[in-house]
**Student:** 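To start, I am sharing the structure in question, which I have written as structure tokens.
Starting from 1, each residue takes its place in the sequence as its number. Only a predicted model underlies this, so the values are computations on that prediction, with no experimental measurement involved.
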Amino acid sequence: MGFGRTYPLRDLPLPPHLTVAPGAAAVITIGLSQRGVIYSLRDRRSGAAISQGGRPIELEGTGGTIELRAPPGLEDTSYRILAEKRGDPGEARPPRQAWLHGQVSVVLGVDPALVADLRGLPLLDRSVDAPSPADPRVAPYGAVVEVELLASQEGVTYQLLDAADHARVLSRAPVVGTSGAIVLHTVPLYEDLDLRVHGSKAVGDPDQPELRSALLDAVLSLRIEANPAVTAELLPAAILPHAAAPSLRLHDSQQSVHYRVWRRPIRDAEFLFDDPQGAPTLDLAPDDGPPIRVLRPATIPWAELLPLGEARQGVGGPLDIPLPAPGEDSLLVIHAYKSHRRRASDVGNIISIVQLDPTLALLVQPDPDPRLSLHLTLNEAGAIGPILLRGGQPGVFYQLHQLRDDAAIGLPAYFHKRDDLDPRSNKGIDLLRVEVDLALARDPSHAHLDARPPAHEPPPLPLIDAAPLPFGAVLRVHARRAVTGLGCELTSRATIDPAPEFLIEPASVAPGGAATVVIPSSRQGERYRLLLGDTLLAEAAGVDGPLALHTGPLAPPALLRLHLTRVDPGALTVERSLAITVPVTPSG
């Protein structure tokens with residue numbers, strides 16, 4: 001009866017299904033094998049032992065996992081495993097045998113469990129610490145992507161498909177497996193998608209083969225950045241009047257992308273006047289004057305960019321993005337933002353950002369309506385030079401003309417501009433070039449140089465040497481940007497009005513005495529200031545009638561100045577200065 005003798009265990013783990021390429025050996029694993037038990041490979045139907053090289057395929061258990069290697073085959077088959085505990089040599093008792101419960105089917109075809117990976121691409125989510133082939137990768141627009149298939153099956157033909165549309169083939173060409181690693185190349189890709197690998201193999205009768213195929217289990221998530229090669233132009237032009245609001249047209253925008261425009265002021269040193277010697281440039285053609293050439297920077301750091309308008313979604317065709325007026329010469333770059341899903345089951349998207357290839361230069365004409373004012377000195381016949389200008393736009397020349405004969409008055413007045421890279425400092429003379437001349441400002445006052453370095457002390461306001469101008473003369477002003485030469489006519493003009501009549505009461509005063517300057521016919525809308533040197537003695541607004549300005553105590557010599565300022569809508573502010581002498585004589 002064999003009392004006390006045990007039989008092999010039967011419920012050991014076996015792989016129920018193996019897929020191998022035709023002519024390849026199937027490796028059958030037996031888990032938890034028992035020591036002292038012989039496991040042999042048998043035909044499922046007949047139970048006959050399977051042999052190779054004249055020897056049965058069998059192994060003794062080790063207490064762990066063992067592998068039985070089936071002979072290569074050209075057709076599907078199935079196996080059972082016989083476990084046997086053999087007695088001691090010379091023992092007359094029969095062997096103790098048992099069939100393991102499972103059976104193993106070996107199918108010739110495509111193994112769906114192969115490992116596939118996207119080669120050489122960065123992760124979409126850079127925060128993933130231990131990436132796997134299933135983690136999404138990101139690639140440039142139009143990229144040809146490499147998919148590596150590890151341990152490919154020999155003789156199996158592989159190609160790439162769109163996971164959402166299996167009829168859409170994305171391989172540049174099919175690749176036949178080699179039993180090692182192979183690489184498949186996609187066609188150029190332009191939008192986010194998931195890739196699957198499809199394998200196929202002809203088996204059986206060569207004259208009437210059976211085609212076996214399968215989709216590999218691996219799903220490769222690929223995310224494509226926005227197209228950087230979008231054509232862009234500025235409308236209505238790249239050279240605009242001051243405060244004009246342009247728009248940017250993208251001729252072939254993507255519906256899956258949002259676009260935003262950023263700006264950075266053009267630095268004076270980026271305007272080119274000589275041969276660029278192969279340097280990349282942006283060339284603009286004004287309506288009059290020579291072409292304007294701007295050096296195109298290779299990159300512009302994020303810290304230097306300011307947004308110009310809001311982001312707009314693409315429409316799959318021409319897209320116009322309205323922009324606010326930049327106010328100054330600017331370089332424009334466009335960033336394209338694309339939102340990517342990690343996987344369908346994930347919550348939240350990840351944004352990729354690319355800069356479009358076009359960098360645009362936008363130039364603006366001077367402000368035609370600056371807060372410009374003229375300061376001049378009057379005598380009995382009219383105004384005498386020099387003329388002091390205030391409130392001009394930095395970096396702009398102003399040329400005065402007398403309207404009567406359009407004769408130019410003196411040289412253009414230049415308003416100082418601060419350094420592009422250090423707003424605390426003055427612009428060096430080597431940073432400003434106008435044709436072949438340099439624009440030089442007057443030397444700064446030395447009154448504050450003990451507290452501020454000379455480089456930080458702005459130069460005084462510009463003076464224009466002018467011949468005497470008669471009362472009633474009307475002046476027009478032409479503004480011209482120093483670097484680009486773009487100009488415009490100021491909308492307002494200046495009129496030189498005569499000085500009002502005035503009386504000094506009393507006609508003379510003793511030292512320490514006070515006088516009153518009486519203006520019999522002051523004008524409403526005009527402001528009157530009485531000064532002694534830089535000290536303001538009195539100030540009042542005109543009343544269309546008599547106006548009195550009191551001097552306070554005076555000492556000789558009492559050389560006063562009467563300043564008259566009138567602000568009229570549509571006219572430039574003209575401040576006139578008139579000398580007044582109050583006789584101060586000792587009494588007695």
**Student:** Tell me, please, which residues at least two apart from His478 pass side-chain hydrogen bond (donor to acceptor under 3.5 Å, both in side chains).
**Tutor:** none

**Student:** Are Glu304 and Arg267 ion-paired here, with the side-chain N under 4.0 Å from a carboxylate O?
**Tutor:**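 Salt bridge between Glu304 and Arg267, a charged N being under 4.0 Å from a carboxylate O: yes.
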
**Student:** Could you go through the side-chain contact (heavy atoms from CB on, under 4.5 Å) check for His563 and Arg576 one step at a time?
**Tutor:** CA-CA 6 Å; His563 284 237; Arg576 295 158 291 151; over 6 Å; no

**Student:** Nearest heavy-atom pair of Pro370 and Pro368: which atoms, and what distance?
**Tutor:**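 Heavy atoms of Pro370 and Pro368 come nearest at CD-C, 3.4 Å.
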
**Student:** Taking the side chain as C-beta and beyond, is there a heavy-atom pair between Leu272 and Val294 under 4.5 Å?
**Tutor:**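 No, too far: nothing below the 4.5 Å cut-off.
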
**Student:** According to ring pair (Phe, Tyr, Trp, His ring centres under 6.0 Å), does anything in residues 162-182 pair up with another residue at least two apart or in another chain? List the pairs.
**Tutor:** none

**Student:** Could you tell me if the side chain of Val110 sits less than 4.5 Å from the side chain of Leu216, heavy atoms only?
**Tutor:**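 Yes. Closest side-chain heavy atoms under 4.5 Å.
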
**Student:** Per the side chain to side chain contact (heavy atoms under 4.5 Å, CB included) rule, which among Leu282, Leu234, Leu248 passes with Leu362?
**Tutor:**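 Only match with Leu362 under side chain to side chain contact (heavy atoms under 4.5 Å, CB included): Leu234.
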
**Student:** With a 4.5 Å cut-off on side-chain heavy atoms, are Val483 and Phe273 touching?
**Tutor:** yes

**Student:** When you measure from the side chain of Thr186 to the backbone N and O of Val145, does any donor-acceptor pair fall under 3.5 Å?
**Tutor:**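 Pair found, side chain donor or acceptor close to backbone of Val145.
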
**Student:** Has Gln254 got a side-chain atom pairing as donor or acceptor with Asn227's backbone, closer than 3.5 angstrom?
**Tutor:**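 Side chain of Gln254 to backbone of Asn227: a pair is present.
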
**Student:** Can any side-chain N or O of Arg223 pair as donor or acceptor with the backbone N or O of Arg341 at less than 3.5 Å?
**Tutor:** yes

**Student:** Kindly say whether Ala311 contributes a backbone atom to a donor-acceptor pair with the side chain of Tyr337 at under 3.5 angstrom?
**Tutor:** no

**Student:** Could you check whether any side-chain N or O of Ser330 sits under 3.5 Å from a backbone N or O of Leu332, counting only pairs where one atom can act as donor and the other as acceptor?
**Tutor:** no

**Student:** Just how far is it from atom CD1 of Ile266 to atom CG of Leu295, taken to the nearest 0.5 Å?
**Tutor:**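 Ile266 CD1 to Leu295 CG: 10.5 Å, rounded to 0.5 Å.
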
**Student:** Which heavy atom of Arg137 sits nearest a heavy atom of Pro131, and at what distance?
**Tutor:**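 Nearest pair, atom of Arg137 first, then Pro131: NH2-CB, 4.1 Å.
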
**Student:** Taking atom CZ of Arg172 and atom CD of Glu146, what is their separation to the nearest 0.5 Å?
**Tutor:** 9.5 Å

**Student:** Taking the inter-plane angle between the rings of His335 and Trp302 on a 0 to 90° scale, is it parallel (under 30°), tilted (30 to 60°) or perpendicular (over 60°)?
**Tutor:**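 The rings of His335 and Trp302 sit tilted, inter-plane angle from 30° to 60°.
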
**Student:** Can you check whether Lys201 reaches Gln153 side chain to side chain, under 4.5 Å on heavy atoms?
**Tutor:** no

**Student:** Is the shortest distance from a Lys or Arg side-chain nitrogen in Glu328 or Arg264 to a carboxylate oxygen in the other one below 4.0 Å?
**Tutor:**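 Salt bridge flag = no for Arg264 with Glu328.
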
**Student:** Please confirm whether the backbone N or O of Thr178 pairs with a side-chain atom of Ser152, one donor and one acceptor, at under 3.5 Å?
**Tutor:**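 Checking the backbone N and O of Thr178 against the side chain of Ser152, a donor-acceptor pair under 3.5 Å is found.
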
**Student:** Can you confirm whether more than 12 heavy atoms, excluding those of Asp129, are under 6.0 Å from its CG atom?
**Tutor:**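 Not buried by this count: 12 neighbours or fewer within 6.0 Å.
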
**Student:** With rounding to the nearest 0.5 angstrom, report the NE2 to CD distance, His375 to Glu575.
**Tutor:** 5.0 Å

**Student:** Test Arg293 against Glu270 for salt bridge (charged side-chain N to carboxylate O under 4.0 Å, His left out), laying out the working first.
**Tutor:** CA-CA 9 Å; Arg293 180 175 290 165; Glu270 291 175 326; over 6 Å; no

**Student:** Working to the nearest 0.5 angstrom, can you tell me the gap between Thr231 OG1 and Asp252 CG?
**Tutor:** 5.0 Å

**Student:** Using only heavy-atom distances, determine whether the side chains of Ser256 and Glu191 contain a donor-acceptor pair under 3.5 Å.
**Tutor:**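 Side chains of Ser256 and Glu191: pair found under 3.5 Å.
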
**Student:** So how far is it from Ile334 CD1 to Gln355 CD, rounded to the nearest 0.5 Å?
**Tutor:** 8.0 Å

**Student:** Tell me, do Thr484 and Leu284 make a side-chain contact under 4.5 Å, heavy atoms counted?
**Tutor:** no

**Student:** Looking at Arg312 and Pro322, what are the two nearest heavy atoms and their distance?
**Tutor:**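 Closest approach of Arg312 to Pro322: NH2-CG, 3.4 Å.
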
**Student:** Check Arg342 with Asp135, please: is the shortest side-chain N to carboxylate O separation under 4.0 Å?
**Tutor:** no

**Student:** Please check if atom CG in Leu403 has more than 12 non-hydrogen atoms from other residues, nucleotides or ligands closer than 6.0 Å.
**Tutor:**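 For Leu403, atom CG is crowded (more than 12 foreign heavy atoms under 6.0 Å).
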
**Student:** What I want to find out is whether Glu526 reaches Arg566 closely enough, with some N-O distance under 4.0 Å, to be called a salt bridge.
**Tutor:**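 Answer for the salt bridge query: no.
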
**Student:** Taking atom types as modelled, find out whether Asp192 and His340 have a side-chain donor-acceptor pair closer than 3.5 angstrom.
**Tutor:** yes

**Student:** Report the C-alpha distance between Trp262 and Leu308 in whole Å, list the side-chain angles of each, state the deciding distance to 0.1 Å, and finish with yes or no for side-chain contact (heavy atoms from CB on, under 4.5 Å).
**Tutor:** CA-CA 5 Å; Trp262 300 75; Leu308 195 61; over 6 Å; no

**Student:** Ignoring hydrogens and geometry beyond distance, is a side-chain donor-acceptor pair present between His198 and Ser200 at under 3.5 Å?
**Tutor:** no

**Student:** Got a donor-acceptor contact below 3.5 angstrom from the Ser171 side chain to the Leu160 backbone?
**Tutor:** yes

**Student:** Between the side chains of Arg296 and Asp283, is the shortest nitrogen-to-carboxylate-oxygen separation below 4.0 Å, so that they form an ion pair?
**Tutor:** no

**Student:** Are there more than 12 heavy atoms of other residues, nucleotides or ligands under 6.0 Å from atom CG of Asp165?
**Tutor:** yes

**Student:** May I have the step-by-step check of side-chain hydrogen bond (donor to acceptor under 3.5 Å, both in side chains) for Gln365 and His242, ending in yes or no?
**Tutor:** CA-CA 5 Å; Gln365 296 172 344; His242 180 81; over 6 Å; no

**Student:** Just by distance, do the side chain of Glu148 and the backbone of Leu118 share a donor-acceptor pair under 3.5 Å?
**Tutor:**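 A pair under 3.5 Å: no.
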
**Student:** Of the non-hydrogen atoms in Gly317 and Ser253, which two are nearest, and what is the gap between them?
**Tutor:** O-OG, 2.6 Å

**Student:** I'd like to know if the side chain of Lys338 and the backbone of Ile224 have a donor-acceptor N/O pair within less than 3.5 Å.
**Tutor:** yes

**Student:** With the side chain counted from C-beta on, respond yes when Val364 and Arg481 share a heavy-atom pair under 4.5 Å apart, and no when they do not.
**Tutor:** yes

**Student:** Has Tyr141 got a side-chain atom pairing as donor or acceptor with Leu189's backbone, closer than 3.5 angstrom?
**Tutor:**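 Checking the backbone N and O of Leu189 against the side chain of Tyr141, no donor-acceptor pair under 3.5 Å is found.
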
**Student:** Can you tell me how far the CZ atom of Arg263 sits from the CG atom of Asp329, to the nearest 0.5 Å?
**Tutor:**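 Taking CZ in Arg263 and CG in Asp329, the distance rounds to 9.5 Å.
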
**Student:** Does the side chain of Asp111 pick up a donor-acceptor pair with the side chain of Thr19 at under 3.5 Å?
**Tutor:** no

**Student:** Under the criterion side-chain contact (heavy atoms from CB on, under 4.5 Å), I'd like the reasoning laid out for Leu161 against Leu215: C-alpha separation, chi angles, the key distance, then a yes or no.
**Tutor:** CA-CA 9 Å; Leu161 305 180; Leu215 279 173; 3.8 Å; yes

**Student:** Would you check if the distance from the ring center of Tyr398 to the ring center of Phe415 is below 6.0 Å?
**Tutor:** yes

**Student:** Report yes if some heavy atom in the side chain of Ile409 is under 4.5 Å from a heavy atom in the side chain of Gln402; otherwise report no.
**Tutor:** yes

**Student:** For atom CD of Glu233, is the number of surrounding heavy atoms from other residues, nucleotides or ligands below 6.0 Å larger than 12?
**Tutor:**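 Yes, enclosed.
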
**Student:** Quick one: do Leu220 and Val147 satisfy side-chain contact (heavy atoms from CB on, under 4.5 Å)? Show the steps, please.
**Tutor:** CA-CA 9 Å; Leu220 304 177; Val147 175; 3.5 Å; yes

**Student:** Does Arg196 form a salt bridge (charged side-chain N to carboxylate O under 4.0 Å, His left out) with Asp217? I'd like the steps, not just the answer.
**Tutor:** CA-CA 8 Å; Arg196 298 286 297 273; Asp217 298 335; 5.3 Å; no

**Student:** Is there a side-chain contact between Arg480 and Leu486 in this structure, where contact means two heavy atoms from C-beta onward sitting under 4.5 Å apart?
**Tutor:**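 No, side chains not in contact.
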
**Student:** Please report the closest heavy-atom contact between Cys488 and Pro366, naming both atoms and the distance.
**Tutor:** SG-O, 3.4 Å

